[in-house]
Each structure stands twice: as structure tokens, then as C-alpha cells.
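Sequential numbering from 1 along the given sequence is applied to the chain's residues. Reckoned from all heavy atoms, side chains included, excluding hydrogens, waters and symmetry mates.
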Amino acid sequence: MLKIYTDAATNQKNHTFAAGILIVKNQQQTQLKYDISATDNHEAEFIAAIHGFNYLIKNFPDEDLVFFYSDSKILIDSLEKQYSKSYSQTLADLLALQENFPIVINNWISDKENAGAHTLAIQALHEH
């Protein structure tokens, strides 16, 4: 069992985006941060999750149970409904990645509860 937290950050001035990902397994943390390309902050949230699940597939391919946490209501709602009007292809990509794991439980959490991933996303944004 592992937990993955993702978040995106946006610099409105120069229209840049970054992703922060926190993975917790057996009380060990993996912290990841990326510069990403997106059209808006909502799409950036989907892309952050895609980066996170790509990492899980490469580094934890035999994981049976994944708890996924995001503070993006649109992301979690889209995953639960398996539908997004504005982000259908990005959602399809993410759902395909989640299918690599027998059980994925998607959970919305507050910004405060997602502070670890948020901090990583902000750090990535400020590094560039």
C-alpha cells in the first residue's frame, strides 16, 4: 500500500506551471517536482497526477493498493465520474495509468492536508 499526493502551482505573471508529488510507502517519502506545460491550472493538476502515476508504474509496478490524494475537486470529480468535458484526453490518459494498479482510491483533500505536494510544486516553480 502506498499513498501519493499531487499538486500543481501556477505563476500567473509568466504563465508557467509546476508539479509537486509526494509518495509515502512504509513511512518512507519520495519527493518529486517538475516543470510542466499546461494551458491552465486545472489541466496542470491532471498533468501532475499523470507524472505521479508514471513514476509509480516505473518504481512501484507491483503495488496492489494506491491511495491517491489531490486538492483539485475537478480532478477527483472527473476521476470518479470518468468524465471531463474540458480535459477528456488528459483524463483518459490518467485513467489508463491508474489501470496498472488493482485498486486505486481517489480522495479529495484540503489544501492544508496537501501541503507536502503543494510545497514541492511551489519550489519547482521558483527554481525556474
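Annotation: side chain to side chain donor-acceptor pair (under 3.5 Å) contacts of T10 (sequence neighbours excluded): N41. Contacts of T39 classified as side chain to side chain donor-acceptor pair (under 3.5 Å), with partners at least two apart in sequence or in another chain: E43. For N100, the side chain to side chain contact (heavy atoms under 4.5 Å, CB included) partners two or more places apart in sequence, or in a different chain, are I57. Residues forming a side chain to side chain contact (heavy atoms under 4.5 Å, CB included) with H51 (at least two apart in sequence, or on another chain): I21, Y34, I36, I47. Taking S37 as the reference, nothing meets the side chain to side chain contact (heavy atoms under 4.5 Å, CB included) condition, with sequence neighbours excluded. Residues forming a side chain to side chain donor-acceptor pair (under 3.5 Å) with N107 (at least two apart in sequence, or on another chain): none. For K25, the salt bridge (charged side-chain N to carboxylate O under 4.0 Å, His left out) partners two or more places apart in sequence, or in a different chain, are E63. Under the rule for a side chain to side chain contact (heavy atoms under 4.5 Å, CB included), the partners of A121 that lie at least two apart in sequence or sit in another chain are A9. Listed by chain and number, the residues in a side chain to side chain donor-acceptor pair (under 3.5 Å) with Q89 are D93 (sequence neighbours excluded).
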Report task. Apply side chain to side chain contact (heavy atoms under 4.5 Å, CB included) to the pair T30 and L22, showing each step before the final yes or no. Result -> CA-CA 6 Å; T30 302; L22 177 64; over 6 Å; no
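Judged by distance alone, with hydrogens and angles left aside, the side-chain atoms of N26 form no donor-acceptor pair with the main-chain N or O of Q28 at under 3.5 Å. In this structure, Q82 contributes its side chain and L79 its backbone to no donor-acceptor pair below 3.5 Å. Put simply, the side chain of N114 never gets that close to the backbone of S110: no donor and acceptor are under 3.5 Å apart.
Distance check, rounded to the nearest 0.5 Å: OG1 of T90 to NE2 of H42 gives 13.0 Å. With rounding to the nearest 0.5 Å, the separation of CD1 in I109 from OG in S72 is 11.0 Å. For the atom pair CG (N11) and CG (L125), the distance works out to 5.0 Å, reported to the nearest 0.5 Å. Residue I103 holds its CD1 atom at 12.0 Å from CE of M1, rounded to the nearest 0.5 Å. With rounding to the nearest 0.5 angstrom, the CD1 atom of I74 is 6.0 Å from the OG atom of S86. In this structure, S88 OG and L95 CG are separated by 11.0 Å, a value rounded to the nearest 0.5 Å.
S70 and E45 make their closest contact through OG-OE1, 4.1 Å (heavy atoms, listed as atom of the first residue, atom of the second, distance). When all heavy atoms of H15 and A38 are compared, the pair lying nearest together is NE2-O, 4.3 Å. Contact detail for A49 and L94: the closest heavy-atom pair is CB-CD2, 3.8 Å.
The one candidate from I4, V66, T6 that meets the side-chain contact (heavy atoms from CB on, under 4.5 Å) condition with I23 is I4.
For residues 62-90, the ring-ring contact (aromatic ring centres under 6.0 Å, His included) pairs, not counting sequence neighbours, are Y5-Y69, F46-Y87, F53-F68. Legend: salt bridge (charged side-chain N to carboxylate O under 4.0 Å, His left out) pairs involving residues 69-87, not counting sequence neighbours: none detected. Contacts classified as ring-ring contact (aromatic ring centres under 6.0 Å, His included) and involving residues 91-115 (residues at least two apart or in different chains) are not found.
With hydrophobic clusters built from ILVMFWY side chains whose heavy atoms lie under 4.5 angstrom apart, L56 shares a cluster with I76. One hydrophobic cluster, built from ILVMFWY side chains closer than 4.5 Å, holds both L97 and V104.
With a 4.5 Å cut-off on side-chain heavy atoms, N106 and L75 do not count as touching.
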